[in-house]
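See below for the structure under consideration.
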Amino acid sequence: METRRAETAEEREAIARLTYDIYVDEMGWDDIGDRERRTVTFPDDASARFVYATDEGKVVGAIRVQLGADGPFTAETEQTYDLGRFAGVAAPAEMAVLTRLMARPEHRAGFVPFALMAAAAELAVRQGVQLFFCDCQPHLLNLYTKVGFRTYARCFSHPIVGLMIPLVAAPLDVEHQRRIGSPFLALAEQHHRPSPIPALLDQLLATGEATTRISGQDEAARWVAEYEQACRQTERRVGLFDGMPQETIARILDRGSILDCRAGDRIIRKGVADRTLYVILQGTVEIRVGEQVTDVATRGDVIGEIAYLMQAPRTANVYAATDDVRIVSLREKALAELREGNPDVAARLFENLSRILCQKLVSLHRRHLV
């Protein structure tokens, strides 16, 4: 496997075909792309740089790099990442936005994603970049924080993807990279130079809202207590973790994300291949098929369980209906590890999920009988 920078129109065309394979064929984003050519491109691709990975001559992954030094960021990019907030930390020419990190399924759990990140980081650092921005879906937050990215704002609703978490990183912040055990520490040490940017970034991140993660037994215990209280205050009395050991719950929750949403934010998009489970701590969400609201979910409810249990694409759109929606995302990988390592406890979790789903079906049936 090797990584390369896309220098020719043919290389960019190959990346556009990879994007179609992953975004349209695999993930179900059927409202983008050129079906005849089987390519996906976006208007601002022309001013971006691309790094891609090949395995035996086949393109297996890619990442897009937008450099502030190459020209102004679009108004959409400025707004998405709130770049103006960082004006006192770094100049636009010292910023880069990394997006569309993708790899074919057989290469996703291996070296390819990190190799692409490393190649993109080195490209940008050699151009004088000191701040990286990107975003990720909740179930990928663990991957990004492992390489040095940090949350700095609430999640936002992407019109195609759904919930996304904005992230920022100072790639040459040796102390932070060393503290988290980042695989990119060597890159930071190689290119390190004295700069006030890491300290300024720390100061900025100490203020404002940010997406947070659940980590450790104590934090998991607090979250479970809040969730159990939410369950008791609704008609649906079954809790996802009923009858499960505290240490097992903490392992499932480890690095799960707490997400705050506003009315109108799309949490789940129908048709996409995402199997993250969400549990609602507060607020109300609407389940919609087309424009019709078919159900609502509130404190203590679980959403996303059908796609998870059936290993199928999402069956409906889910939107935040109030401005105070707070949900916790549970990674499919953590639940899979539970299945493999502790099948007895996993059986209890699946029993709880089945009872929750049955309660929803009974409630829906009763409403239609009225």
Side-chain angles (χ1 to χ4, degrees), residues 1-7 48-53 61-73 77-78 81-101 103 110-136 140-153 165-208 210-211 213 215 255:
M1 197 281 294
E2 63 177 328
T3 59
R4 301 174 182 172
R5 299 177 189 177
E7 304 287 354
R49 308 190 190 198
F50 287 86
V51 174
Y52 67 100
I63 186 171
R64 186 174 74 166
V65 184
Q66 295 170 288
L67 300 176
D70 285 345
F73 294 112
T77 299
E78 292 270 0
Y81 301 102
D82 195 9
L83 296 185
R85 181 179 168 190
F86 297 85
V89 178
E94 296 175 307
M95 299 179 182
V97 178
L98 309 181
T99 52
R100 303 229 301 270
L101 172 64
F111 180 65
V112 169
F114 289 104
L116 287 167
M117 282 188 184
E122 182 155 9
L123 183 159
V125 165
R126 290 186 180 278
Q127 299 296 318
V129 170
Q130 297 238 26
L131 278 187
F132 289 162
F133 295 88
C134 73
D135 50 37
C136 73
L140 295 175
L141 182 58
N142 190 40
L143 167 67
Y144 283 85
T145 54
K146 279 183 177 179
V147 301
F149 281 97
R150 300 151 76 179
T151 65
Y152 64 90
I165 301 171
L167 302 166
V168 64
L172 303 184
D173 185 350
V174 173
E175 289 186 13
H176 181 70
Q177 300 280 13
R178 183 178 293 124
R179 186 163 56 248
I180 67 171
S182 169
F184 300 149
L185 175 59
L187 176 69
E189 291 176 333
Q190 178 185 354
H191 295 279
H192 176 73
R193 58 184 181 273
S195 170
I197 287 179
L200 292 172
L201 181 62
D202 287 343
Q203 294 173 15
L204 183 65
L205 296 186
T207 63
T211 300
R213 294 181 300 160
S215 183
R255 300 184 184 277

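This is a predicted model, so every value here is computed, not measured. For reference, positions follow the sequence shown, starting with 1. No hydrogens, no waters, no symmetry mates; every other heavy atom, side chains included, goes into these values.
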Indicate the atoms forming the closest heavy-atom contact of A188 with P171, along with that distance. CB-O, 3.3 Å
Please determine whether the number of non-hydrogen atoms from other residues, nucleotides or ligands lying under 6.0 Å from atom CD of Q190 exceeds 12. yes
Hey, mind stepping through M95 and T77 against side chain to side chain contact (heavy atoms under 4.5 Å, CB included) and telling me if it holds? CA-CA 12 Å; M95 299 179 182; T77 299; over 6 Å; no
Sequence-distant partners of R179, salt bridge (Lys or Arg N to Asp or Glu O under 4.0 Å), two or more places apart: none
Rounded to the nearest 0.5 Å, what separates atom OH in Y152 from atom CD1 in I165? 11.5 Å
Run the ring-centre check on Y81 versus F73 and record whether the distance is less than 6.0 Å. no
Here the pair of heavy atoms bringing L200 nearest to G88 is CD1-O, 3.7 Å
Which atoms form the tightest heavy-atom contact between G84 and E78, and what is the distance? N-OE1, 4.1 Å
Residues I63 and A120: closest non-hydrogen pair is CG2-CB, 3.8 Å
Tell me every residue that passes salt bridge (Lys or Arg N to Asp or Glu O under 4.0 Å) with E2, counting only those two or more places apart in sequence or in another chain. R4
Enter the distance from F133:CZ to D82:CG here, rounded to the nearest 0.5 Å. 8.5 Å
With rounding to the nearest 0.5 angstrom, report the SG to CE distance, C134 to M117. 6.5 Å
Side chain to side chain contact (heavy atoms under 4.5 Å, CB included) with R150: of L201, L167, T145, only one passes, and it is L201
Polar contact flag, side-chain donor to acceptor under 3.5 angstrom, D135-Y144: no
Evaluate F86 against L204 for side chain to side chain contact (heavy atoms under 4.5 Å, CB included), listing each step before the verdict. CA-CA 8 Å; F86 297 85; L204 183 65; 3.3 Å; yes
Report the C-alpha distance between L143 and K146 in whole Å, list the side-chain angles of each, state the deciding distance to 0.1 Å, and finish with yes or no for side chain to side chain contact (heavy atoms under 4.5 Å, CB included). CA-CA 5 Å; L143 167 67; K146 279 183 177 179; 5.8 Å; no
From CD (Q66) to CZ (F50), nearest 0.5 Å: 8.0 Å
Show the nearest heavy-atom pair for residues A124 and L67, with the distance to one decimal. CB-CD2, 3.9 Å
Do you know which two heavy atoms are closest between V51 and A119, and how far apart they sit? CG1-CB, 3.6 Å
Evaluate the side chain to side chain contact (heavy atoms under 4.5 Å, CB included) criterion for residues F132 and V125: first the C-alpha distance (whole Å), next the side-chain angles of each, then the deciding distance (0.1 Å), finally the verdict. CA-CA 10 Å; F132 289 162; V125 165; 4.1 Å; yes
d(R64 CZ, R100 CZ) to nearest 0.5 Å is 4.5 Å
Could you tell me whether the side chain of Q130 reaches within less than 4.5 Å of the side chain of S195, counting heavy atoms only? yes
How far does CD of Q177 sit from NE2 of H192, to the nearest 0.5 angstrom? 12.0 Å
